[in-house]
Structures are given as structure tokens and as C-alpha cells.
Amino acid sequence: MKNAMDNLIEKIKEKNNPTVIGLDPRYDMIPDCIKNKYKADLEGAGKAIIEFNKALIDETFDIIPAVKPQIAFYEMFGVSGIKAFEETCKYAKEKGMIVIRRYEKRRYRNNSRSLFKCSNRQNNNRRGIS
């Protein structure tokens, strides 16, 4: 039985590409054509993240073997962010990509909240490979 690292190495060889996409959402970097489809609140941000991540995955799954989402960037969007994290991971796996889930938060804890600026926001050291 192959372990996760064997699967990653196999995908790298298959794609002839060692690149991994870091999917660390920053709301301000999501194109307006996606953000404007949703309400400017946490739920809308989560939906925009999912749409943007799926578009990135759709454009790269055939040439890049893996994605690496960082949980701290999703947590700042509350429950909607966690749902976006899980849906992103699931979608990447469905497309045949290796998912390297980043749970390390120590570097991001202090600045993660500053990354999300949304009008309604005021009211409101492990890695897993699959």
C-alpha cells in the first residue's frame, strides 16, 4: 500500500512538474467579477473563495499535481471559510490533485484578520496530505 508521500511523488512524475499551488485566500485579491456575485459578508466571502479556488483548480489540475490550502486564511471567514476550505480540498481531490492541508497557524495568527476587509465584517505544526 502506498503512503501519501508516494502518491505525491507519483503525481509529480505523472505531471512532470513539482509545482504546488498555495490556495491561501485573500478576499482583496479575488477578482471583482467573482466578489460582486455575492453579498459582502462572511457567507458571501466563503462563496467567492470557493468559486475562485475552483476556477484555479480547473485551469491547473492537468499540469500541476497538488494544492496546498492554509487553514488560517480560511478560518478568518468563520464557518463559511471552513466550508470553503473543505469544499476546496474535496474539489481538488475530485480533479485528481494531491491535497496538502496546512494547519500551521503560528505565522498567520496575528495578521490573518487584517487580510479580510468586508463592510459587514465589523459585526461579526501539522500538515495533512490526502
Side-chain angles (χ1 to χ4, degrees):
M1 181 176 188
K2 290 191 281 187
N3 65 35
M5 193 55 69
D6 291 334
N7 290 334
L8 178 59
I9 291 168
E10 185 177 291
K11 278 288 184 185
I12 289 170
K13 288 178 180 178
E14 175 188 313
K15 304 291 183 188
N16 195 29
N17 186 350
T19 305
V20 174
I21 299 175
L23 295 177
D24 306 335
R26 291 190 45 188
Y27 188 76
D28 59 324
M29 301 295 284
I30 296 174
D32 288 340
C33 64
I34 293 175
K35 289 191 293 191
N36 292 340
K37 295 178 184 178
Y38 306 102
K39 289 177 69 173
D41 59 11
L42 293 176
E43 185 176 344
K47 290 176 181 179
I49 290 166
I50 292 167
E51 182 175 337
F52 185 61
N53 285 351
K54 284 183 174 183
L56 290 172
I57 291 166
D58 286 342
E59 293 298 321
T60 60
F61 78 93
D62 57 338
I63 59 171
I64 295 180
V67 296
K68 185 177 67 168
Q70 166 54 266
I71 191 70
F73 283 86
Y74 293 82
E75 286 178 337
M76 73 183 107
F77 300 101
V79 173
S80 295
I82 300 302
K83 287 178 182 177
F85 178 83
E86 290 301 325
E87 191 164 335
T88 294
C89 293
K90 180 182 174 194
Y91 190 72
K93 285 183 80 167
E94 288 171 0
K95 290 291 195 171
M97 299 179 91
I98 300 293
V99 177
I100 303 168
R101 297 169 184 245
R102 298 250 356 242
Y103 294 103
E104 181 182 330
K105 295 191 287 188
R106 122 189 79 173
R107 290 183 295 170
Y108 306 101
R109 187 176 299 142
N110 294 331
N111 69 353
S112 65
R113 293 222 182 263
S114 67
L115 295 175
F116 180 56
K117 295 192 169 78
C118 185
S119 61
N120 293 340
R121 178 70 173 143
Q122 296 171 0
N123 298 330
N124 304 331
N125 274 318
R126 326 183 313 238
R127 291 186 188 183
I129 301 174
S130 59

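- In this structure, Tyr91 is a member of the same hydrophobic cluster as Ile63, with clusters built from ILVMFWY side-chain heavy atoms closer than 4.5 Å.
- Remark: Ile50 pairs with Lys54, Ala84, Glu87 by the side-chain contact (heavy atoms from CB on, under 4.5 Å) rule, at least two apart or across chains.
- Every residue meeting the side-chain contact (heavy atoms from CB on, under 4.5 Å) condition with Asn36, not counting sequence neighbours, appears here in chain and number order: Asp32.
- Contact check for Ile100 versus Val67: no side-chain heavy atoms found under the 4.5 Å cut-off.
- For the atom pair OH of Tyr38 and CD1 of Ile30, the computed distance is 10.0 Å after rounding to the nearest 0.5 Å.
- Distance check, rounded to the nearest 0.5 Å: NZ of Lys68 to OG1 of Thr19 gives 11.5 Å.
- Contact check for Pro69 versus Ile71: no side-chain heavy atoms found under the 4.5 Å cut-off.
- Not counting sequence neighbours, the partners of Lys47 by the salt bridge (Lys or Arg N to Asp or Glu O under 4.0 Å) test are Glu43.
- Residues Leu23 and Tyr74 are in side-chain contact: their nearest non-hydrogen atoms beyond the backbone lie under 4.5 Å apart.
- Checked against side-chain contact (heavy atoms from CB on, under 4.5 Å), Ile12 has the following partners two or more places apart in sequence or in another chain: Leu8, Pro18, Pro65.
- Glu59 is linked by a salt bridge (Lys or Arg N to Asp or Glu O under 4.0 Å) to nothing, counting only residues two or more places apart in sequence or in another chain.
- For the side chain to side chain contact (heavy atoms under 4.5 Å, CB included) criterion with Phe85, the lone passing option out of Gln70, Arg101, Lys90, Glu75 is Arg101.
- Taking the salt bridge (Lys or Arg N to Asp or Glu O under 4.0 Å) definition, one finds that Lys37 meets it with Glu51, sequence neighbours left out.
- Below 30°, between 30° and 60°, or above 60°: for Tyr27 and Phe77 the angle between ring planes is between 30° and 60°, a tilted geometry.
- Side-chain contact check for Ile64 versus Asn17: some heavy-atom pair is nearer than 4.5 Å.
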Notebook entry, point to check: Run the side-chain contact (heavy atoms from CB on, under 4.5 Å) check on Thr60 and Met97 step by step: do they pass?
Noted result: CA-CA 10 Å; Thr60 60; Met97 299 179 91; 4.2 Å; yes
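- Hydrophobic clustering (ILVMFWY, side-chain heavy atoms < 4.5 Å, transitive): Val79 and Met76 are in distinct clusters.
- Scanning all heavy atoms of the two residues, the minimum distance from Ile57 to Ala92 falls at CD1-CB, 3.8 Å.
- With sequence neighbours excluded, the residues forming a salt bridge (Lys or Arg N to Asp or Glu O under 4.0 Å) with Lys11 are Glu14, listed by chain and number.
- Listed by chain and number, the residues in a side-chain contact (heavy atoms from CB on, under 4.5 Å) with Asn16 amount to none (sequence neighbours excluded).
- To the nearest 0.5 angstrom, Ile49 atom CD1 is 8.5 Å from Ser80 atom OG.
- Taking 4.0 Å as the cut-off between side-chain N and carboxylate O, Lys95 and Asp58 count as a salt-bridged pair.
- A heavy-atom distance below 4.5 Å is found between the side chains of Lys13 and Ile9.
- Side chain of Lys83 to main chain of Gly78: no donor-acceptor pair is present (N/O by atom type, distance under 3.5 Å, no hydrogens or angles).
- A search for side-chain hydrogen bond (donor to acceptor under 3.5 Å, both in side chains) contacts involving Asn7 returns nothing, not counting sequence neighbours.
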